Amino acid sequence: MKGTFYITTPIYYPNDIPHIGHAYTTVACDVLARWHKLNGEEVFFLTGTDEHGRKIEQAAEKNKKKTMDFVNELIPKFKDAWQKLNIGYSRFIRTTEPEHYAVVTEMLNKSFANGDIYLGKYEGNYCTGCEAYYTEKELDDGCCRIHKTKAELISEETYFFKLSAYREKLLELYERVPHFIMPHTRMNEIKNRLKEEIHDLSISRTSFSWGIPLPFDNKHVTYVWFDALANYLTGVDYPGENYAKFWPAVHLVGKDILWFHSVIWPAMLMSAGIKTPRRVFAHGWWTFDKEKISKSRGKVINIDELIAIAGVDAARYFLLRETTFGQDGDFSTEALLKRRDADLANELGNLVSRTLTMCEKYCEGKVPAPGTLDAEDKAVIAKAQEICKKVPEEMEAFNLSGALNTIWELVKLLNQYVDKTAPWVLAKEGKTDKINSVFSVLTEAIRITAVLVSPFIPETGEKILGQLGLDGKAQLGQGYEKLAGWGVLAPGTVIKKGAVLFPKDKTNAK
RNA sequence: GCCGGUGUAGCUCAGUCGGUAGAGCACGGGAAUCAUAAUCCCUAGGUCGGGGGUUCGAGUCCCUCCGCCGGCACCA
């Protein structure tokens, strides 16, 4: 084993319908998890749901259900979505699990014992209709958007966490771990914000009861922070074996919740005497046909719709290739189909297809032993080896789109190589030595491509390996060093050209 | 308002330590026929937002103006 890798998605609010935003974070985590697994590391990949809070409590009431029953009915939607998207998580955590209560309680007790939690008064704009506080920004001219009534300035007793006490320590953390927050511009934003004064954090409520009671005052229920964020510890059975093995985690989050993960969460951990996370990466948002995603205006794409357009792998590929990882992107059906057709069907799919067809025709359907390798053959091998070195560097920097770009350099090179060597001409001329070299190089380079691509589009990766006469799953478990080497595919292996990888004629792949 | 970023070919963007501009896509032309009519080759004369400065020489450094974008966190 080469070490461990622990990656998390945020826990999602189960009241939502899983849509492209959830899918993006989750797929990106899945790709990183698969990559590290491919690299021979032991991987723990956590996702789940955040099930406490006033909104859930109210939604359950509205549906005339017991809160727990109501929540239970919402969870399959998420699990189902992840299964369809081929997400290989290690654990699906729910904040309503008893184990989680224990972890949250312990963290609260530790912070309390440290003197980081104190009783105070929270003052805010309160809408009686919603029974909730709102920030200035969330109000229209001081009025609640739902009830259109003036929010009242009221105060209530709540416990605070001394976030302000951790300002310096957080800044030190960012200095000590240069890539703690990524991308770099986000690090700057957070640092700048922290240069100013920060307020302590209200961590309890008395206005609802669906949550975890404070261990030192059970009139109060834990408000989001200690509850939701602590899931990352519960996920690895803190303080048990998995925790010892996998912590600290890499958190992948949307840019909207970066503050929580890069400021509040590390401060909480410091207070509880627990190691801070390894890294927090904030990705961008998707627009839909250039418009902000909005449920009310129908500008949402849920996961079933996403997959229905061009299949699972095309969807996964699109999300990670279309936009530089970390920046915002625009989703449209046309753009997705274009990616599927141009990159996946025409370039990758067709490369496999033309190679295997010719291999059947000119090499009796077997991987040939190479003939004498000339300069142009060797150039392809050299490039493949170079790419095998570059991709891990990009994955290490979480540059997922960059990694795909690099992999496609190889795909493009191989199509060029086919055209340049023109095996159909070689066949007419009876140049079997060169033909053997060409198909030896091509099949091996395609094998490498399949390996590189497998974290992103796992189904396709395995299919290609299968067509090369290999057992895809077994292959991918062998460790990157071996898989990225040249000469793994043994001469004489019988290829099995299968169905076209990305058929274009149907708009519905599945 | 404060902080930060950005403005480069029709579109999306690369441009490292300053030395007279690059890629992908789209468009146009051609080659080839193994393949999912897929692939490959050729074609970009863009005042590098405006102006000023430093320098032998500036997308590349400095100043200034204009435009656009992001952050300003108890938005669970």
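In this text the structure is predicted, and so the values were computed from the model without any measurement. Reminder, nothing fancy here: chain letters follow the sequence lines and each chain counts from 1.
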[M] and [N], which share atom name [atom1], separated by this distance in whole Å:
N	M	atom1	answer
B/U43	B/A37	P	28 Å
B/A23	B/C62	C1'	30 Å
B/G5	B/C74	P	25 Å
B/C66	B/G51	C1'	10 Å
B/C61	B/G19	P	11 Å
B/C48	B/G10	P	13 Å

Separation of atom [atom1] in [X] from atom [atom2] in [N], rounded to whole Å:
X	N	atom1	atom2	result
A/Lys121	B/C74	NZ	P	21 Å
A/Asn415	B/U36	CG	P	14 Å
A/Asn346	B/A38	CG	C1'	5 Å
A/Leu348	B/U36	CG	P	15 Å
A/Asn192	B/G70	CG	P	17 Å
A/Ile264	B/C75	CD1	P	10 Å
A/Asn350	B/A38	CG	C1'	4 Å
A/Leu426	B/U33	CG	P	13 Å

Cation-pi check, A/Arg186 to A/Phe281: give yes when NZ or CZ is under 6.0 Å from the six-membered ring centre and within 45° of the ring axis, no otherwise. no

Handout entry: Face-on cation placement of A/Arg54 at A/Phe208 ring, 6.0 Å and 45° thresholds
Key = no

Report which part of the nucleic acid [X] touches: base, sugar-phosphate, or nothing (heavy-atom distance under 4.0 Å, all strands).
X	result
A/Asp200	base
A/Arg205	base
A/Tyr417	nothing
A/Lys420	nothing
A/Ile11	base
A/Lys195	nothing
A/Leu501	base
A/Gly349	base
A/Asn188	nothing

Do A/His261 and A/Tyr232 have ring centres separated by under 6.0 Å?
yes

**Message:** Suppose we call two aromatic rings close when their centres sit under 6.0 Å apart. Are A/Trp286 and A/Phe318 close by that rule?
**Reply:**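 Yes: the rings meet the under 6.0 Å criterion.
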
When A/Arg321 and A/Asp328 are each assigned the nearest nucleotide of RNA chain B, the 5'-most assignment goes to A/Arg321

Of A/Ala345 and A/Glu322, the one whose closest nucleotide on RNA chain B sits nearer the 5' end is A/Glu322

Where the side chain of [X] is concerned, which of [options] is the nearest nucleotide?
X	options	result
A/Lys412	B/C25, B/A73, B/U36	B/C25
A/Glu189	B/C40, B/G70, B/C3	B/G70
A/Thr357	B/C34, B/U36, B/A26	B/C34
A/Ser202	B/G71, B/U39, B/C74	B/C74
A/Trp424	B/U36, B/C40, B/U33	B/U33
A/Phe502	B/C34, B/G71, B/U36	B/U36

Can you tell me if [X] and [Y] form a side-chain donor-acceptor pair at under 3.5 Å?
X	Y	value
A/Thr95	A/His100	no
A/Glu99	A/Thr234	no
A/Ser111	A/Asp116	no

Below 4.0 angstrom from OP1 or OP2 of B/A38, is there any side-chain N or O of A/Lys504?
yes

Please tell me if A/Gln416 has a side-chain N or O lying less than 4.0 Å from either OP1 or OP2 of B/C41. yes

Glycosidic torsion of B/A37 (syn if within 90° of 0, anti otherwise) classifies it as anti

Does B/G30 adopt a syn or an anti glycosidic conformation, taking syn as a chi angle within 90° of 0?
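Base orientation: anti.
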
ask   = In terms of side-chain geometry, is the basic nitrogen of A/Lys434 or A/Glu376 positioned less than 4.0 Å from the acidic oxygen of its partner?
value =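 Salt bridge between A/Lys434 and A/Glu376, a charged N being under 4.0 Å from a carboxylate O: yes.
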
